[in-house]
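Worksheet: one structure, shown below.
What's counted below: heavy atoms across the whole structure, side chains too, no hydrogens, waters or symmetry copies. As the structure is a prediction and not an experimental result, all values here were calculated from the model.
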Amino acid sequence: QVQLRESGGGLVQAGGSLRLSCGFSGGTFTSDLMGWFRQAPGKEREFVGARSKSGITTYYADSLKGRFTVSRDNAKNTVYLQMNSLKPEDTAVYYCAVDYWGQAMSSPDSWRYWGQGTQVTVSS
């Protein structure tokens, strides 16, 4: 059984940083990509970034490049999301996802398994 568990969310002031973690266990996957999405109240779930197991391949939402970084510790089966220069509009529930199987990486429908999410709130 696939299990993913995010942690590291919280309240931070604008301009600050947070690092989210997502540990996973169980299952075999179509691809070795691990991704992050976020969902703000009243909005659709939005792609943040993804990284391959080797780290050779990374993808980011254009609007977040330069501020957000996805990294992995394969020995710990953990993926991280480093978020810098946070803005109030980054406030959302952040989700990690595994088993990318679709065509559009930015579509939540292309990912099979999800964590429960962790809340990030950025105050102005």
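- Residues F29 and Y113 have side chains in contact (heavy-atom distance under 4.5 Å, counting atoms from C-beta outward).
- Under a 3.5 Å cut-off, the side chain of T91 and the backbone N or O of P88 do form a donor-acceptor pair.
- Judged purely by atom type and a 3.5 angstrom limit, D73 uses its side chain to pair as donor or acceptor with the backbone of K76.
- Across all their heavy atoms, Y94 and D90 have their closest contact at OH-O, 2.6 Å.
- The CZ atom of R67 lies 6.5 Å from the OG atom of S85; values are rounded to the nearest 0.5 Å.
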*Decide yes or no on side-chain contact (heavy atoms from CB on, under 4.5 Å) for F24 and M34, but give the supporting numbers first.*
CA-CA 10 Å; F24 65 95; M34 290 197 71; 2.9 Å; yes

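- Contact annotation: the side chain of V98 never approaches that of R112 to less than 4.5 Å [non-hydrogen atoms, C-beta and beyond].
- Side-chain contact check for M83 versus V48: every heavy-atom pair is 4.5 Å or farther apart.
- Between F47 and M105, some side-chain heavy-atom pair lies under the 4.5 Å cut-off.
- Residues L81 and E6 form no side-chain contact, since every pair of their non-hydrogen atoms from C-beta on lies 4.5 Å or further apart.
- Residues R38 and K43 fail the side-chain proximity criterion, which asks for heavy atoms closer than 4.5 Å.
- Side chain to side chain, Y80 and R19 fail the donor-acceptor criterion of an N or O pair below 3.5 Å.
- Ring centers of F37 and W114: under 6.0 Å apart, within the cut-off.
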*In sequence, state the C-alpha distance, the side-chain angles, and the governing distance for V79 and S71, and then conclude on side-chain contact (heavy atoms from CB on, under 4.5 Å).*
CA-CA 6 Å; V79 63; S71 61; over 6 Å; no

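- Proximity of T69 to Y60: side-chain heavy atoms (C-beta onward) are separated by under 4.5 Å at one or more points.
- Residues L33 and W101 have side chains not in contact (no heavy-atom distance under 4.5 Å, counting atoms from C-beta outward).
- Counting all heavy atoms, side chain and backbone alike, A50 lies closest to W111 at CB-CH2, 4.0 Å.
- With sequence neighbours excluded, the residues forming a side-chain hydrogen bond (donor to acceptor under 3.5 Å, both in side chains) with S17 are N84, listed by chain and number.
- Remark: Q1 CD to S25 OG distance equals 8.5 Å, nearest 0.5 Å.
- Taking each heavy atom of R51 and V70 in turn, the nearest pair found is NH1-O, 2.9 Å.
- D99 CG to S110 OG: the interatomic distance, rounded to the nearest 0.5 Å, is 11.0 Å.
- Cluster membership for L64 and L20, using ILVMFWY side-chain heavy atoms within less than 4.5 angstrom, is shared.
- When each of E46, R45, E44 is paired with Q39, the side-chain hydrogen bond (donor to acceptor under 3.5 Å, both in side chains) condition holds for R45 and for no other.
- Across G9 and V120, no two heavy atoms sit closer than the pair CA-CG2, 4.1 Å.
- Residues in residues 8-98 take part in these disulfide (SG to SG under 2.5 Å) pairs, two or more places apart or across chains: C22-C96.
- Y100 and F68 are members of different hydrophobic clusters when ILVMFWY side chains are connected at heavy-atom separations under 4.5 Å.
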